[in-house]
Structures are given as C-alpha cells and as structure tokens.
Amino acid sequence: MSIEDEIEANIAHVRAAIAEAAARANRSPDEITLVAVSKTKPLDLVRIAYNLGVTAFGENRVQEALPKIAAFHPADARWHMIGHLQTNKVGKALGAFDIVESVDSLRLAQALDTHARESGRRLPVLVQVNVSGEESKEGVPLADAETLARQMSTLPNLEMQGLMTIAPIVEHAEEARPVFRGLRELRERLREALPEYTWKHLSMGMTDDYMIAIEEGATIVRVGRAIFGER
Ligand SMILES: *Cc1c(COP(=O)(O)O)cnc(C)c1O
C-alpha cells in the first residue's frame with residue numbers, strides 16, 4: 001500500500017469510529033472536530049490528510065511546528081498548539097497557531113493576552129486541566145481550574161472556548177472514562193460560574209481512547225498514530 005492509501009484508510013477508519021461513538025451517545029458526528037496530530041511527521045503527510053478533508057492539525061512543539069505552518073496554512077486549515085508552551089515562545093507561537101489548547105497557568109495566559117493584544121486579535125484558547133492528578137501530566141490541577149478560569153476571564157484578548165485534558169496511559173481505554181467525565185463535569189461548573197464564555201469545547205481523547213472520550217462529550221479529538229502511523 002502507498003502511504004496515501006494507508007492514510008486514506010486510516011482516516012476512513014477513524015471517521016467511522018467517531019460516527020459510531022457519537023451514535024452511541026446520541027450525538028451528531030458534526031459536532032466533533034478531528035485534529036490530526038502531525039508531530040514528528042513530515043509535512044507531506046499533512047498535505048495528504050488535508051487533501052482527504054482533514055482541516056485541523058496539532059503540534060506540540062513550537063520549534064517543530066513553525067516551519068510546517070509557515071509552509072502550509074491554507075485558509076480553511078487550523079493549527080492547534082497542544083503541547084507545553086514556554087512563555088518565551090509565546091510570540092512565535094501566536095504568529096503561527098490558530099488556537100492554543102494548552103493554557104495551564106496565569107503566567108502563560110497573561111503572556112498570550114499581551115501578545116494577542118499587540119497583534120490585534122482575540123486568541124481562542126482552552127484551559128488544560130490535569131484531571132487525573134498524575135504528577136507527570138501538564139495542566140492545572142482540577143481543584144485550581146476554576147480559579148485559573150476566573151483569573152483568565154479578566155484577560156480581554158483571550159477567548160476561552162473550553163477545556164483540554166490528557167488522560168493517563170491505561171491498559172484498557174475504559175479506565176480513562178472517569179477522567180473524561182471529570183472534565184465534562186468541570187465544564188458544567190464553569191458554565192455556571194462564567195456564563196459569558198461558551199465553554200463549547202472539550203478537547204479530550206487520543207488514538208487509544210478517543211471513542212470513550214466522544215461518549216463522554218468530546219468536541220475535539222486529537223489523533224496522531226491512528227492517522228499517521230506509529231512515531
Ligand atoms: C501526541 C499527542 C496526541 C496524539 O497522540 P496519539 O496517541 O498519537 O493519538 C494528542 N494530544 C497531545 C497533547 C499529544 O501530545
């Protein structure tokens with residue numbers, strides 16, 4: 001099989017699985033955005049996925065992402081920053097990415113707000129939450145998430161569109177379900193606390209667990225290996 005054929009089959013498989021999971025939860029697959037995570041993969045593969053109808057791409061390192069985005073950013077494509085962002089790279093990241101999913105501290109939020117103002121835009125962001133409490137995971141601790149969101153609501157150049165989480169690595173995807181449910185329940189609380197934001201997005205679910213995440217309400221799934229192959 002050519003790499004084009006492989007990616008085409010992979011995307012068809014992922015799209016079918018998204019539709020099945022949505023159906024199980026009585027949801028429309030149209031409310032779920034597939035973000036193809038292209039980290040470590042060459043731009044040729046991004047172009048192949050785009051030509052097959054994928055329009056959202058995810059990268060986790062600014063350094064790696066910048067040349068890719070500079071070379072490939074058609075008007076209908078969206079690049080998502082999904083990795084830890086250092087405040088000294090905020091300016092560069094803002095010049096390239098359409099949305100930052102990984103805001104997990106006030107310091108980072110303030111830096112993004114300042115740069116967004118300077119570039120005259122309101123930046124879509126998600127608050128990354130460490131739901132599981134695993135020490136190795138990035139994200140604001142669940143218990144501190146509402147405080148961070150309240151602080152971020154004072155930053156006029158950030159548009160909080162929702163929440164993002166990374167589930168822990170587990171043996172069976174089903175074990176990640178409580179983490180996804182925890183993020184959805186946090187969103188309910190934030191909708192009451194800060195109704196001026198839509199909180200429309202729950203970015204949760206990766207190759208091993210996106211079907212469970214969709215059953216629990218994911219509106220963005222970030223899928224790398226199931227589309228582009230093992231890294
Ligand atoms: C790498 C990565 C993904 C995609 O992971 P796969 O297991 O390849 O689907 C999703 N989200 C984040 C934050 C990542 O770093």
Side-chain angles (χ1 to χ4, degrees), residues 21-22 25-35 56 58 60 78 80-85 87 90 93-94 97-117 121-135 137-168 176-206 209-222:
N26 287 314
R27 303 180 58 207
S28 163
D30 299 344
E31 49 183 76
I32 298 152
T33 299
L34 172 61
V35 174
N60 71 335
R78 293 280 170 275
H80 293 227
M81 175 57 185
I82 61 172
H84 180 66
L85 183 54
T87 45
V90 159
L94 229 122
F97 286 99
D98 299 284
I99 176 170
V100 176
E101 294 198 14
S102 45
V103 181
D104 62 357
S105 73
L106 182 59
R107 205 167 93 90
L108 174 58
Q110 285 167 332
L112 286 166
D113 180 68
T114 302
H115 281 269
R117 187 184 63 230
R121 69 194 269 226
R122 192 151 187 255
L123 178 72
V125 297
L126 304 182
V127 180
Q128 182 176 356
V129 183
N130 179 352
V131 178
S132 69
E134 266 191 315
E135 290 212 2
K137 284 280 180 293
E138 288 144 19
V140 62
L142 187 58
D144 302 336
E146 184 174 333
T147 303
L148 176 59
R150 283 186 189 281
Q151 290 166 329
M152 285 173 63
S153 73
T154 66
L155 304 173
N157 306 290
L158 299 187
E159 185 192 341
M160 277 191 285
Q161 293 188 341
L163 304 171
M164 182 271 232
T165 198
I166 303 174
R177 189 184 293 276
V179 167
F180 300 138
R181 189 171 295 159
L183 198 70
R184 173 159 54 81
E185 288 168 356
L186 172 64
R187 181 175 64 170
E188 302 308 315
R189 297 197 290 280
L190 291 175
R191 277 192 163 142
E192 294 203 352
L194 296 164
E196 63 271 37
Y197 294 92
T198 62
W199 299 108
K200 66 179 171 187
H201 284 308
L202 289 176
S203 175
M204 53 190 199
M206 318 188 349
D209 53 22
Y210 65 94
M211 287 162 277
I212 306 286
I214 288 168
E215 289 174 20
E216 294 298 331
T219 65
I220 296 173
V221 290
R222 310 177 307 268

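Atoms considered below: every heavy atom in the structure, side chains included; atoms not considered: hydrogens, waters and symmetry mates. Every value quoted in this text rests on a predicted model; they were computed, and no experiment measured them.
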(request) Answer yes or no: is there a donor N or O on one side and an acceptor on the other, between the side chain of Arg122 and the main chain of Pro156, under 3.5 Å? (result) yes

(request) Please tell me if the side chains of Gln128 and Leu126 come closer than 4.5 Å, counting only heavy atoms from C-beta onward. (result) no

(message) Ignoring hydrogens, what is the shortest heavy-atom contact between Leu202 and Gly217? Give both atom names and the distance.
(response) CD1-O, 3.6 Å

(request) Mind checking side chain to side chain contact (heavy atoms under 4.5 Å, CB included) for Ala22 and listing every partner two or more places apart, or none if nothing turns up? (result) Arg27, Pro29, Ile32, Ile214

(request) Sequence neighbours left out, what pairs pass salt bridge (charged side-chain N to carboxylate O under 4.0 Å, His left out) with at least one residue falling in residues 139-152? (result) Glu146-Arg150

(request) Can you tell me which residue pairs pass the salt bridge (charged side-chain N to carboxylate O under 4.0 Å, His left out) test with a partner in residues 97-109, sequence neighbours excluded? (result) none

(request) Measure the shortest side-chain to side-chain distance between Arg121 and Leu94 over non-hydrogen atoms and say whether it is less than 4.5 angstrom. (result) yes

(request) Using side chain to side chain donor-acceptor pair (under 3.5 Å) as the criterion, list what pairs up with Glu159, not counting sequence neighbours. (result) Gln161

(request) Can you sort out the partners of Glu215 under salt bridge (Lys or Arg N to Asp or Glu O under 4.0 Å), two or more places apart, ordered by chain and number? (result) Arg24, Arg177

(request) With rounding to the nearest 0.5 Å, note down the distance linking CG in Leu183 to OG in Ser203. (result) 9.0 Å

(request) Quick one: which residue pairs count as a side-chain hydrogen bond (donor to acceptor under 3.5 Å, both in side chains) with a foot in residues 184-199, not counting sequence neighbours? (result) Arg184-Glu216

(message) Any non-hydrogen side-chain atom of Val221 less than 4.5 Å from a side-chain atom of Leu34?
(response) yes

(message) Could you report the tightest heavy-atom contact between His80 and Arg78, atom names first, then the distance?
(response) CD2-O, 3.7 Å

(message) Could you check whether any side-chain heavy atom of Pro178 comes within less than 4.5 Å of a side-chain heavy atom of Arg181, counting everything from C-beta outward?
(response) no

(message) Could you work out, with side chain to side chain contact (heavy atoms under 4.5 Å, CB included) as the rule, every residue matching Ala167, not counting sequence neighbours?
(response) Ala176, Val179, Phe180, Asp209

(request) Starting at CD of Glu138, measure out to CG of Asn60 and round the result to the nearest 0.5 Å. (result) 9.0 Å

(request) State, with a plain yes or no, whether a side-chain heavy atom of Met152 is found less than 4.5 Å away from one of Val127. (result) yes

In a table with atom names and distances, give each donor-acceptor pair under 3.5 Å that connects a side chain of residues 108-115 to protein atoms at least two apart or in another chain.
unit_1 : atom_1 : unit_2 : atom_2 : d
Asp113 : OD1    : Asn157 : N      : 2.8
Asp113 : OD1    : Asn157 : ND2    : 3.1
Thr114 : OG1    : Gln110 : O      : 2.9

(message) Minimum heavy-atom separation for Gly58 and Val35, please, with both atom names.
(response) N-CG1, 3.5 Å

(message) Show the nearest heavy-atom pair for residues Ile166 and Met164, with the distance to one decimal.
(response) CG1-SD, 4.2 Å

(request) Of all the heavy-atom pairs spanning Leu190 and Ala149, show the shortest one and how long it is. (result) CD2-CB, 4.0 Å

(request) Determine whether Val125 and Ile99 make a side-chain contact, defined as any pair of heavy atoms from C-beta on separated by less than 4.5 Å. (result) no

(message) Would the distance check show the side chain of Thr165 and the main-chain N or O of Val129 forming a donor-acceptor pair, the cut-off being under 3.5 Å?
(response) yes

(message) Could you work out, with side chain to side chain donor-acceptor pair (under 3.5 Å) as the rule, every residue matching Thr33, not counting sequence neighbours?
(response) none

(request) Taking Ser132 for its side chain and Pro168 for its backbone only, find out whether a donor-acceptor pair lies under 3.5 Å. (result) no

(message) Measuring only between side-chain heavy atoms, which start at C-beta, is Ser102 closer than 4.5 Å to His84?
(response) no

(request) State the CE-CD1 distance between Met204 and Ile212, to the nearest 0.5 angstrom. (result) 11.0 Å

